[in-house]
Amino acid sequence: MTTTLLRGRTLSFLRWPESIDDRAAYVYDEDGAVLVANGKIVASGSYTEVSARAGSGARVIDHRPHLLLPGFIDAHVHMPQMQIIASYGAELLDWLNTYTFPEESKFENAQHGRRISRLFLDEMIRNGTTTVAAYCSVHKQSAEAFFAEAYDRDMLVIAGKVMMDRNALEAVHDTPQSSYDDTKALISAWHGKGRGLYAITPRFAITSTPEQMEMAQALAREHPDLHIQTHLSENHAEISFTQELYPWSKDYTHVYEHYGLMGQKTLLGHCIHLSEREADALSDTGAVAVFCPTSNLFLGSGLFDYQRYRSREKPLRIATATDVGGGTNYSMLRTMDEAYKVIALQGEKLNPFQSFWQITRGNAEALSVVDRVGTLEAGSDADIVVLDSQATPLLQVRSERINSLAEELFLLQTVGDDRVVREVYVAGKPAKSDLMVANS
């Protein structure tokens, strides 16, 4: 058995950090190591202890003085929207009709889907993200292309083809029956193949008829272990239109409740404008509110009330995400920089340990995959990111005034980008350096 010993400053979280001084919430070793074998973490901790376990045959890769953390996790992103990131001047529904649906119609072409899936996952790796919850297009072949690319890289991904049979271009419509049949076939072919996990994916209530929602409900009943992903309460016009389409519903969330789509593995993108009843429904079912700050700001959708959702009497489970192409950057560091600002606008602060908890263990817990990723604990898949806080001249000069780990993390979050990501390991294999060699 070939083993690899990664040496550097290791940081991994045990739970939510209550404050910036909550040192019991994380494990940090100034001279740490992670021992990797067969794609798994065998041990992590101080270099002295872990190297003793490794034995003389282990390959040692010395990343000092860089930080080693669990790979970042992105809880909501749209693979087919790669070529419409930074499209000007529309709010949600206009943006979908003007940019998104015409772009997604191109994914009927399987070769186009494979090319964009490859470039999309390249961009994820470049930014230190090793796990994504992704939306494909309505076309079955787009999901096949995405899962095939992820399988080739041995990446843990959660993904599904969107189900949508109304209120969009005909070129991106399926039918209730075809959406069911295609989803069943994709589950059979790809769920559990490699590290791929399938998500039942009705795009949102506006683009699915009641008949299609019933098909999504049937799929959820037949596959109770699967994730479900959709959108909720992103935009006021979206909410009003949903109520027109489902006039019997108490509110937007009630539509998903009615069709049995709320549960511990339900990922609800945005959740900005929830009523108290809706927030209670998310809390009661364990459904996850996914915070997409760059997208919410770019499309003018609103401010996600992160701290209140966490601290209310019935707290919400929360994940964070880029939501590209509505979002404006693939970096989870840039995402948390914007999250900090959104939260600050509401009179609260998010400390840097909380930010890094969120994009590692926090998102892993929200996606119900913390037994596999999100930590440096023994038995976890060896998805690891290496961060260089001296990667740019600005970082170098600013670092001269850094006196603590908290300050370093906040600097990385605030001005860091893909350049600070020195290396990425996916299932124990170097991925970013390989990507750079392949593209050279």
Side-chain angles (χ1 to χ4, degrees), residues 1-15 17 23-73 124-131 153-156 195 332-333 352-353 355-365 367 369-391 405 408-409 412 416 420-435:
M1 179 176 66
T2 302
T3 59
T4 302
L5 186 67
L6 307 177
R7 187 176 187 179
R9 294 185 295 134
T10 55
L11 175 64
S12 185
F13 291 89
L14 304 173
R15 57 166 171 78
R23 292 182 175 82
Y26 61 88
V27 177
Y28 173 68
D29 279 289
E30 186 71 28
D31 186 9
V34 183
L35 183 62
V36 175
N38 295 330
K40 298 283 188 180
I41 294 174
V42 177
S44 66
S46 74
Y47 176 74
T48 301
E49 294 175 354
V50 177
S51 61
R53 288 194 58 181
S56 59
R59 178 190 178 206
V60 179
I61 302 176
D62 193 343
H63 285 294
R64 290 177 299 172
H66 306 322
L67 283 164
L68 275 62
L69 293 95
F72 299 149
I73 298 167
M124 286 290 159
I125 294 298
R126 189 172 289 113
N127 283 281
T129 298
T130 53
T131 289
R153 299 160 189 256
D154 203 12
M155 287 182 73
L156 195 162
R195 300 172 71 201
M332 292 305 295
L333 297 174
F353 291 110
S355 292
F356 278 82
W357 169 88
Q358 183 67 77
I359 61 178
T360 57
R361 187 184 189 107
N363 274 2
E365 289 179 355
L367 269 57
V369 291
V370 74
D371 59 323
R372 301 179 62 178
V373 294
T375 77
L376 297 181
E377 294 173 7
S380 289
D381 295 350
D383 292 350
I384 299 163
V385 61
V386 181
L387 301 183
D388 177 4
S389 58
Q390 304 282 313
L405 177 61
E408 181 182 6
L409 293 176
L412 285 166
V420 308
V421 179
R422 176 59 67 93
E423 182 60 280
V424 179
Y425 294 91
V426 174
K429 296 179 181 178
K432 185 167 183 177
S433 55
D434 283 357
L435 181 63

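Index from 1, following the sequence.
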Any idea which heavy atoms bring [X] and [Y] closest together, and the distance?
X    : Y    : result
P65  : R9   : O-NE, 2.8 Å
A378 : V42  : CB-O, 3.2 Å
E423 : A431 : OE1-N, 3.7 Å
A427 : D154 : CB-OD2, 3.3 Å
A33  : L5   : CB-CD1, 3.8 Å
G379 : K40  : O-CD, 3.7 Å

Output the distance between atom [atom1] ([X]) and atom [atom2] ([Y]), rounded to the nearest 0.5 Å.
X    : Y    : atom1 : atom2 : result
R59  : T4   : CZ    : OG1   : 6.0 Å
L333 : F356 : CG    : CZ    : 5.0 Å
L69  : L409 : CG    : CG    : 7.5 Å
S12  : L376 : OG    : CG    : 4.0 Å

*So F353 and F13, would you call those rings parallel, tilted or perpendicular, with 30° and 60° as cut-offs?*
perpendicular

*Checking side-chain contact (heavy atoms from CB on, under 4.5 Å) for the pair I125/D434: CA distance, chi angles, key distance, verdict?*
CA-CA 10 Å; I125 294 298; D434 283 357; over 6 Å; no

*Would you mind telling me which of R372, K429, R195 makes a salt bridge (Lys or Arg N to Asp or Glu O under 4.0 Å) with D383?*
R195

I want to check something: taking the side chain as every heavy atom from C-beta on, are [X] and [Y] in contact at a cut-off of under 4.5 Å?
X    : Y    : value
D381 : Y425 : no
T129 : I73  : no
T130 : V373 : no
M332 : N127 : no
V424 : R126 : no
M155 : T131 : no
F72  : L387 : yes
V50  : V34  : no

_Can you tell me if R23 has over 12 outside heavy atoms packed within less than 6.0 Å of its CZ?_
no

*Check the surroundings of atom CD in Q390: do more than 12 heavy atoms from other residues, nucleotides or ligands lie under 6.0 Å from it?*
yes

*Exam field: side chain R361 to backbone T375, donor-acceptor pair closer than 3.5 Å*: no

_T10 side chain to G32 backbone, donor-acceptor under 3.5 Å_ = no

*Identify the residue among I41, V386, I61 that makes a side chain to side chain contact (heavy atoms under 4.5 Å, CB included) with L6.*
I61

*What do the steps show when you test T360 against V385 for side-chain contact (heavy atoms from CB on, under 4.5 Å), and what is the final call?*
CA-CA 10 Å; T360 57; V385 61; over 6 Å; no

*L68/R7 under side-chain contact (heavy atoms from CB on, under 4.5 Å): CA gap, chis, key distance, verdict*: CA-CA 8 Å; L68 275 62; R7 187 176 187 179; over 6 Å; no

